[in-house]
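On a predicted model such as this, the values are computed, not experimentally measured, just so you know.
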Amino acid sequence: MSQPPIISICVANYNGMDVIDDCLKSVMTQSGGLAVEIIVHDDASSDRSVTHIREHYPDVKLIESEKNVGFCIANNRMAAIARGEYLLLLNNDATLFTDALITLHKNAQEAAQPTILGLPQHNADTRILIDNGSLLDPFLNPIPNKVIEHRKVGMIMGACLWIPKDLWNELEGFPELFGSIGEDLYLCCRARLTGYTVQALGKSGYYHKVGMSFGGGKVQKGRLTTTQRRRSLSERNKSYVMFLCYPAPALYFILPLHLLLLMLEGILLGLAKRDMGLLRKIYTPVLVALWREHSKLFTLRHKCQEARSCSLASWLTVFRPLPYKLEMLIKHGLPKIQ
């Protein structure tokens, strides 16, 4: 009888033929001899991903989706059938260092309570450190943590996120209304709100081809490059997280300010780029989505806040006061939006 897995590796795949081999092989060549199962959710890929995985990785549990459902539903489906004590959510364009799993498992075993863990993230092309988890600004923009020794963070990237399965179940996974992007921010914020910790280990690591799924999301030639779709989903889902997780009474001040500044940003960016369509395509949909989903959001907020066990002061320990967008504007100028 085969040994039950300690860790379930959950890989969300969409048209990943160019990267899936590196990802899966990095899991299969891990040191430490931990019992692992690999689950891949294929999100209705139009390339040969499914056939390739079935032919070359017969031990992988493959979930084939009939339609494209996004990152949240994909991971919820994988977590539902996972048998491991721990889950590692891993992007198909991420490759683990050989000691990644043993490092994560050792620290999870030593933790005083269930903890979301992350590893240093490196650019797959340049090998440069991207972050060791992220801090947050008041508007929930992630601020890359470049200090390896700084372990207490506000967010771990979903490209490589470790969480005990019991904690995943307690937090009820990812809300399906998020679709894709920002779900990692939500999970980490909700965990901290409930009294759990989020830690970046500063050891081992992984390489990541940033921006492969949605384009952009990185600095190229000194300028931030993004796409309308990425920016739209990011602003919408970040607003969802703010509404769901920000403790009262801080929410009553920060959310209206956030929405006001968001609309102002859209107007100024549209004027600067002589393209007011950006306001319509990226920014106003945030207001529409908040109204359209208000019933679901109020229900989920009640659930999140009911389980709250951290003070506002504790919540704010991973926040930095300077808005990160302002810092990026000063450093890189207006973003290039494709």
Chemist: Specify the closest pair of heavy atoms between L297 and L244, including all atoms of both residues, with the distance to one decimal.
Modeler: O-CD2, 3.3 Å
Chemist: May I ask you to decide if the ring planes of Y207 and F97 are parallel, tilted or perpendicular, using 30° and 60° as cut-offs?
Modeler: tilted
Chemist: Hey, is CZ on F253 packed in by over 12 heavy atoms from elsewhere, all under 6.0 Å?
Modeler: no
Chemist: Do side-chain atoms of S65 reach the backbone of N68 as a donor and acceptor pair under 3.5 angstrom?
Modeler: no
Chemist: For D275 and G270, indicate whether the former's side chain and the latter's backbone hold a donor-acceptor pair under 3.5 Å.
Modeler: no
Chemist: Can you confirm whether N107 sits close enough to R151 that some side-chain heavy atom of one is under 4.5 Å from a side-chain heavy atom of the other?
Modeler: yes
Chemist: Would you say L290 and L261 are hydrophobically clustered, going by side-chain heavy atoms of ILVMFWY under 4.5 Å?
Modeler: yes
Chemist: May I ask you to test the Y86-K165 pair for a side-chain heavy-atom distance under 4.5 Å?
Modeler: no
Chemist: So, does H150 use its side chain to make a donor-acceptor pair with the main chain of K152 at under 3.5 Å?
Modeler: yes
Chemist: Would you please test V40 and L24 for side-chain contact (heavy atoms from CB on, under 4.5 Å) and show each step?
Modeler: CA-CA 10 Å; V40 174; L24 297 181; 4.1 Å; yes
Chemist: Do any N or O atoms from the side chain of D43 and from the backbone of V69 form a donor-acceptor pair under 3.5 angstrom?
Modeler: yes
Chemist: With no hydrogens and no angle check, do the side chains of R77 and H41 hold a donor and an acceptor under 3.5 Å apart?
Modeler: yes
Chemist: Under the side chain to side chain donor-acceptor pair (under 3.5 Å) test against N141, which residue among K325, K238, R320 passes?
Modeler: K238
Chemist: List the steps and the verdict of side-chain contact (heavy atoms from CB on, under 4.5 Å) for V19 and K209.
Modeler: CA-CA 9 Å; V19 294; K209 292 183 178 294; 3.7 Å; yes
Chemist: Does D137 use its side chain to pair, donor to acceptor, with the backbone of P323 at less than 3.5 Å?
Modeler: no
Chemist: Any side-chain to backbone donor/acceptor pair from H56 onto H52? Under 3.5 Å, distance only.
Modeler: yes
Chemist: Counting N and O atoms only, with roles assigned by atom type, does the side chain of S314 sit under 3.5 Å from a partner on the main chain of S311, one being a donor and the other an acceptor?
Modeler: no
Chemist: Before we go on, tell me: are the rings of F71 and Y14 under 6.0 Å apart, centre to centre?
Modeler: no
Chemist: Under a 4.0 Å threshold between the charged nitrogen and the carboxylate oxygen, would E64 count as salt-bridged to R54?
Modeler: yes
Chemist: Any chance you could lay out the side chain to side chain donor-acceptor pair (under 3.5 Å) test for Y186 and R190, step after step, and finish with the verdict?
Modeler: CA-CA 6 Å; Y186 164 80; R190 182 167 180 184; 2.8 Å; yes
Chemist: So does Q228 get a backbone contact from the side chain of S232, meaning a donor-acceptor N/O pair under 3.5 Å?
Modeler: no
Chemist: Would you mind reporting whether I39 and I9 have side-chain heavy atoms less than 4.5 Å apart?
Modeler: no
Chemist: Please say whether more than 12 non-hydrogen atoms of neighbouring residues, nucleotides or ligands are located less than 6.0 Å from CZ in R127.
Modeler: yes
Chemist: Might you work through the side-chain contact (heavy atoms from CB on, under 4.5 Å) test for Q30 and L96, ending with a clear yes or no?
Modeler: CA-CA 8 Å; Q30 287 290 297; L96 300 173; 3.6 Å; yes
Chemist: Treat each ILVMFWY residue as a node, draw an edge where side-chain heavy atoms are under 4.5 Å apart, and state whether L300 and L140 are in one component.
Modeler: yes
Chemist: Mind listing the closest non-hydrogen atom pair of S45 and D42 along with its distance?
Modeler: OG-OD1, 2.6 Å
Chemist: For F298, run the ring pair (Phe, Tyr, Trp, His ring centres under 6.0 Å) check against F243, Y240, W291 and tell me which one passes.
Modeler: F243
Chemist: Given E265 and Y283, is the side chain to side chain donor-acceptor pair (under 3.5 Å) satisfied, shown in steps?
Modeler: CA-CA 8 Å; E265 176 186 323; Y283 296 93; 2.6 Å; yes
Chemist: Taking E37 first and then R83, would you say they form a salt bridge - that is, a charged N and a carboxylate O separated by under 4.0 Å?
Modeler: yes
Chemist: Do Q305 and L193 have side chains that approach each other closer than 4.5 Å (heavy atoms only, starting at C-beta)?
Modeler: yes
Chemist: Hey, are the side chains of I282 and L269 touching, using non-hydrogen atoms and a 4.5 Å cut-off?
Modeler: no
Chemist: Could you check I38 against M28 for side-chain contact (heavy atoms from CB on, under 4.5 Å), going step by step and ending with a plain yes or no?
Modeler: CA-CA 9 Å; I38 303 175; M28 295 175 174; 4.0 Å; yes
Chemist: Side chain of S134, backbone of M155: donor and acceptor closer than 3.5 Å?
Modeler: no
Chemist: Determine the sole option in N92, N91, D93, D47 for which the side chain to side chain donor-acceptor pair (under 3.5 Å) test with N13 is passed.
Modeler: N92
Chemist: Would you say N15 and S49 are linked by a side-chain donor-acceptor pair, where the criterion is simply a distance under 3.5 Å?
Modeler: no
Chemist: Quick one: do L90 and I63 end up in the same hydrophobic cluster if we chain Ile, Leu, Val, Met, Phe, Trp and Tyr together by side-chain heavy atoms under 4.5 Å apart?
Modeler: no
Chemist: A side-chain contact here means heavy atoms from C-beta on lying under 4.5 Å apart; do Y57 and K25 qualify?
Modeler: yes
Chemist: State, with a plain yes or no, whether a side-chain heavy atom of V241 is found less than 4.5 Å away from one of N237.
Modeler: no
Chemist: Do E85 and I7 have side chains that get closer than 4.5 Å, going by heavy atoms?
Modeler: no
Chemist: Taking side-chain contact (heavy atoms from CB on, under 4.5 Å) as the criterion, tell me which of L161, L101, L117 meets it with L88.
Modeler: L101
Chemist: Do the side chain of N123 and the main chain of D125 share a donor and acceptor less than 3.5 angstrom apart?
Modeler: yes
Chemist: Do NZ/NE/NH1/NH2 and the carboxylate oxygens of K146 and D131 come within less than 4.0 Å?
Modeler: no
Chemist: Is it the case that the side chains of T98 and S31 hold a donor-acceptor pair, with the cut-off being a distance below 3.5 Å and no angle test?
Modeler: no
Chemist: Check the pair R236 / E293 against salt bridge (Lys or Arg N to Asp or Glu O under 4.0 Å), numbers first and verdict last.
Modeler: CA-CA 11 Å; R236 184 196 71 181; E293 303 291 355; over 6 Å; no
Chemist: Can E170 and Y196 be said to form a side chain to side chain donor-acceptor pair (under 3.5 Å), step by step?
Modeler: CA-CA 11 Å; E170 180 181 341; Y196 297 103; 2.7 Å; yes
Chemist: Taking K303 first and then E306, would you say they form a salt bridge - that is, a charged N and a carboxylate O separated by under 4.0 Å?
Modeler: no
Chemist: Same hydrophobic cluster for L271 and L279, using side-chain heavy-atom links shorter than 4.5 Å among ILVMFWY?
Modeler: yes
Chemist: Please answer: with hydrophobic residues joined when any side-chain heavy atoms are less than 4.5 Å apart, are L34 and L104 in the same cluster?
Modeler: yes
Chemist: Charged N to carboxylate O under 4.0 angstrom, E110 versus K106?
Modeler: yes
